[in-house]
Amino acid sequence: MSPLAPMPGRGLEPGPLEKAPDPEPQELAALEGVWGALAPQERRGRRDLLLPALRALQASRGWISYSALAAVCRELTMPLAEAYGVASFYELLATEPRPRRMIHLCDDVACTLKGAGMLAGRLQALLGHPEQGEGPLGWSLSPCLGQCERGPAALVGDRVWVGLTPEGLEDAVGAWMAGEEARAHAGGVGTHLGSLGEGTPLLLRRCGRVDPGSLEAYVEHGGYRGLRRALQLGPEATLAEVEASGLVGRGGAAFPTARKWASAAREPAPRYVVCNADESEPGSFKDRVLMEQDPFAVLEGLTLAALAVGAERGFIYVRGEYPESHRSLLRAAEQARAAGFLGERILESGFSFDVELRQGAGAYVCGEETALFNSIEGLRGEPRARPPYPAQVGLFGRPTVINNVETLAAVPAILERGGGWYASLGSGRSRGTKLLSVSGHVVRAGVYEVAFGTPLRTILEDLAGGVPGGGAVQAVLCGGAAGTFLGPDQLDTPLSLEALQAVGGTVGSGSLVVLDETVDLWAVVERIARFFRDESCGQCVPCRVGTQRQLEVVSAVRRAGGPVDDQALAMLNDLAQVMRDASICGLGQLAPNAVQSSLRLLGRSGGDERG
Amino acid sequence: MAELARGGRRDAAEVEIRVDGREVRVPAGATLLDAIRAAGGDVPTLCYHETLEPIGACRICVVELEGSRTLVPACQRRAEPGTLVRTDTERVQTSRRMVAELLQSSADTSLAPDVERYGRAYGSRPERWRPLLDGAQEVEAPTPARVDNDLYVRDLDRCILCYRCVEACGEQVQNTFAIGVAGRGYGARIDAGFELPLPESACVYCGNCVAVCPTEALVFRGEYEMRRAGTWDEARQHVTTTTCPYCGVGCPIELHVQDNRIVKATAPVDDPTTHGYLCIKGRFGWAYVHAGLETGAGQEPDRPAAAGASPD
Ligand SMILES: Cc1cc2nc3c(=O)[nH]c(=O)nc-3n(C[C@H](O)[C@H](O)[C@H](O)COP(=O)(O)O)c2cc1C
Ligand code: SF4
Ligand code: SF4
Ligand code: SF4
Ligand code: FES
Ligand code: FES
């Protein structure tokens, strides 16, 4: 439209990209690492390289400067305001100077039960106020890092510190200040693994037993049998096996996997498959265990999805707080490629497929499938309107299948042993086996695989060892921050989609955080309310403002030390209704769940239980 | 299920749906909002703007759609054959009341007539959220308006984050991409990148963002100063439609005149060529009319004004 043409003359004036000073050498070097072999003209328009570039800049200098971001914009031919909008979206990226190294200390529910508050006090004494200071080392509080079974935990650069004690933390900080890349690993904090019920262990059958760094070991223990069979069967019969299995997604929404695949397979090529490895739901860490202990199974599952829907390219989006999972998958993909399990003409068939890894940078909402696409594409991690659905218009605008890590890891066994066999485990919509992340007040926190139908009490007592010291359960947070609190009266509920729904709960991501009677439940509710306020993308009013107001009501009640009075209750219920009914995505829609379900336990009735 | 629903799409030229019990036929591709209006009804809208693709951010236009777990935004959702829509249920009313109330509780909406009107219509009570902050640690400090150029002001405490300005500056109209949304969640805000002042940003001062802003969070400098001085009075203004003299495009321009002085230039949204958008010359180039008296904004005479004061 001609009236809108830029002003003559104005276009020749230097804009913010031209006026920016030159980046520092270390910033340029970091960017060279991202561009790799791409010639300058090949970088033009490659907006999907924005997030990798931002991560590289963050790692090199500790924050992203105007001059460095302008350099990125010139290379990728994109506007500064948009790149800044992306950079300022992520928790792990800074757009103002801050210490080069940050200790991101988890203060979420499970770590707080284990003394994260005291650790924060130590850090404050050692390093001053969070996010301040000019020194080499700073610190900040972080939402759940997905290490709940071995917390308290902290993310430091591309390392994760677990099992933190005040002494261990002080030593590590001291070593750091003296210039050593210290690790504060306390001894003896492993991840318990266990299983119970028919068909188990299935997903965990190699975890902790088979070397996750060796393709040979994987193949020796049944690996890639599913893919070999699928290559003989062909795409349609592969899809039919998954359909017969009754597998539904393990990422939270429990959508039938085969329906999603069939829908995308009907759309025109090119199509993409994506593995959602963003696992940012507080209390959830089972995907991490799969990626770190059985990475080839995840790759094989994604390859099978690609075969079934006819995709040649796939992406795995790993949350930024999981550097070890990223390394594990990267190593596995290299080996798989070298051995012909990825790449051109896989196992000498006509089927070609390869996968690219992408890392997040601290944003829970980027686990929402359409926000995840935007994140990969170099846009702000804001969920998109639906319809259209990803199967029609997904990543880069193409038909896309996106599945959770655990969903994909179940697929090789389905192909190997048959969909009918898988469906014979469980009943109703709940077929196969389910991984649970169990943490909080239990003797053995860890990842447990159970057959559907196992009562929650059995899981908590037989597998996780019950409450330490024989204490009593006050509540179990089931399904993460987006889940619900179950009371001790609800622990005989069997683990299944149907049974949990019937008691107003949800399987969600499959996490159980146990709170004993000593816990201040409303303080936990406040932490969850803060989580949603912090993690809202900010796009829609019900969630952007609603999560803030919800936090304010919860905090006001806590400050007053009092019960939830009628006025506060009415406000919480009004918020719950507009968030559930009118938010764009699941984050806003589920944000009132924990608050509302805690009201029941506290003897106040929550709003309507839809949602 | 919804994924399969699309598999059954038909490319019929017309779609028949039912709005509050009434049958309506709309062209394929029409939105629920189109259909509701065709049926003689209406729903409130805030982020929706007739010249922009639906943004779907404010959620005040939500309606009940049979078979949908949540309410859906009428401005954005396409009408599908056989859809049953209800526009005025209690559920719908609650969400609209709460959206207005949440916006009023989080922004200064005193110059946002639509927000205020819907708030009254749906019975919002924004004042009930205020006492919550007593004693809270995280009190929001007001952000001063940013007056960093002669042509327009950013008074972002009034912003309801409707995204209209971003769309108008970006892909949909101007293709300048000078402003975007930065930060996230409750801290999200309109920004040119690193909080740059507008003269250092990519802004070309077309003023199209100001034209679409429903809250006066973006406001022409002249109007801003007159409002501060208490001299802005729309009752004393009249609007003359004329043609921009600067180039061959010949955009229609509406000159707002108060006390024989041009105080603002807008453009008719229903013009088929310009859709209400202008360039810097048409938007700000009228200052020469008062040449020798002062510039349109009349500020900082010691600094060369931005291009609007002396178009070439
Ligand atoms: C706020 C939000 C966060 C989410 N985070 C994740 C996640 O971290 N991992 C995941 O697999 N699914 C997550 N989901 C669900 C995904 O949107 C999507 O349903 C899932 O990846 C589909 O995979 P599945 O069918 O295998 O479950 C999230 C959803 C929402 C609304
Ligand atoms: S507003 Fe700009 S494009 Fe339109 S006629 Fe005037 S100078 Fe030309
Ligand atoms: S519900 Fe929250 S996270 Fe989802 S789109 Fe709206 S603001 Fe963003
Ligand atoms: S500045 Fe105005 S147009 Fe832009 S988002 Fe805010 S309210 Fe909307
Ligand atoms: S890692 Fe700290 S609560 Fe999950
Ligand atoms: S007007 Fe429809 S979402 Fe704003």
Side-chain angles (χ1 to χ4, degrees), chain A residues 1-7 9-10 15-16 19 66 69 79-85 88-89 95 259-260 263 266 363 380 385-389 391-392 533-542 544-549 552-553 555-556 559 567 571 574-575 577-578 580-584 589, chain B residues 2-4 6-7 56-59 62 70-71 76 78 91 94-95 98-99 102-103 105-106 128-129 132-133 135-136 160-161 173-188 191-194 196 200-202 204 206 208 249 251 273-274 277-282 307 312:
Chain A
M1 274 195 288
S2 47
L4 312 172
M7 271 286 282
R10 176 79 202 181
K19 278 189 286 200
Y66 168 33
L69 193 62
L80 183 76
E82 291 205 350
Y84 182 77
S88 58
F89 188 85
T95 51
R259 283 250 292 280
K260 208 185 250 190
S263 182
R266 279 197 295 273
R380 288 167 56 78
R386 260 156 304 199
Y389 292 88
Q392 280 82 39
R533 192 280 309 268
D534 291 346
E535 299 297 331
S536 164
C537 83
Q539 194 181 193
C540 65
V541 176
R544 170 167 56 87
V545 188
T547 54
Q548 170 73 22
R549 296 291 173 257
E552 285 164 8
V553 180
S555 298
R559 271 200 314 277
Q567 199 196 351
M571 289 158 101
D574 275 353
L575 289 170
Q577 210 175 326
V578 68
R580 283 176 175 160
D581 273 349
S583 295
I584 294 177
Q589 290 160 15
Chain B
E3 317 228 337
L4 295 182
R6 270 189 66 98
C58 78
R59 319 302 280 183
V62 285
T70 60
L71 303 177
Q76 196 171 41
R78 308 255 164 221
R91 235 176 121 194
T94 302
S95 275
M98 286 303 294
V99 167
L102 291 174
L103 284 177
S105 79
S106 63
R128 65 177 168 149
W129 303 96
L132 289 179
L133 288 174
I160 59 169
L161 221 68
V173 178
Q174 185 60 29
N175 267 297
T176 297
F177 302 94
I179 51 176
V181 178
R184 80 174 179 217
Y186 200 67
D191 193 75
F194 293 98
L196 285 177
E200 285 170 41
S201 77
V204 298
C206 63
N208 289 329
V249 179
C251 302
T273 318
T274 66
Y277 298 109
L278 296 171
C279 80
I280 180 174
K281 292 186 278 187
D312 45 349

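Keep in mind it's a predicted model, so treat the numbers as computed, not measured. Sequence lines set the chain letters: A, B, ... in the order given, protein chains first and strands last, and positions in each chain run from 1.
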Count the heavy-atom pairs under 4.5 Å between each of [options] and chain A, then report the option with the highest count.
| options | result |
| --- | --- |
| B:G282, B:G187, B:C58, B:G183 | B:G183 |
| B:A188, B:G180, B:S95 | B:S95 |
| B:C206, B:G56, B:A57 | B:A57 |
| B:D191, B:V62, B:I160, B:L161 | B:L161 |

Residue part contacting chain B, namely of [X], when any heavy atom lies under 4.5 Å:
| X | value |
| --- | --- |
| A:A81 | both |
| A:S555 | neither |
| A:S583 | backbone |
| A:L575 | both |
| A:R544 | both |
| A:A363 | both |

Taking side chain as C-beta onward, heavy atoms only, is [X] less than 4.5 Å from [Y]?
| X | Y | result |
| --- | --- | --- |
| A:R549 | B:S105 | yes |
| A:V553 | B:W129 | yes |
| A:S263 | A:R266 | yes |
| B:L196 | A:Y84 | no |
| B:R128 | A:M571 | yes |
| A:D581 | B:R59 | no |
| A:T95 | B:F194 | yes |

Pick from A:G546, A:P542, A:A556, A:A385 with the largest number of heavy-atom pairs that fall under 4.5 Å of chain B: A:P542
Largest heavy-atom contact set with chain B, pairs under 4.5 Å, which of A:D574, A:L69, A:L80: A:D574
Under the salt bridge (Lys or Arg N to Asp or Glu O under 4.0 Å) test, residues paired with B:R78 that sit two or more places apart: none
Toward chain A, the part of B:I179 with a non-hydrogen atom under 4.5 Å: backbone
Part of B:V99 within contact of chain A (heavy atom distance under 4.5 Å): both
A:D534: side-chain contact (heavy atoms from CB on, under 4.5 Å) partners, not counting sequence neighbours: A:R530
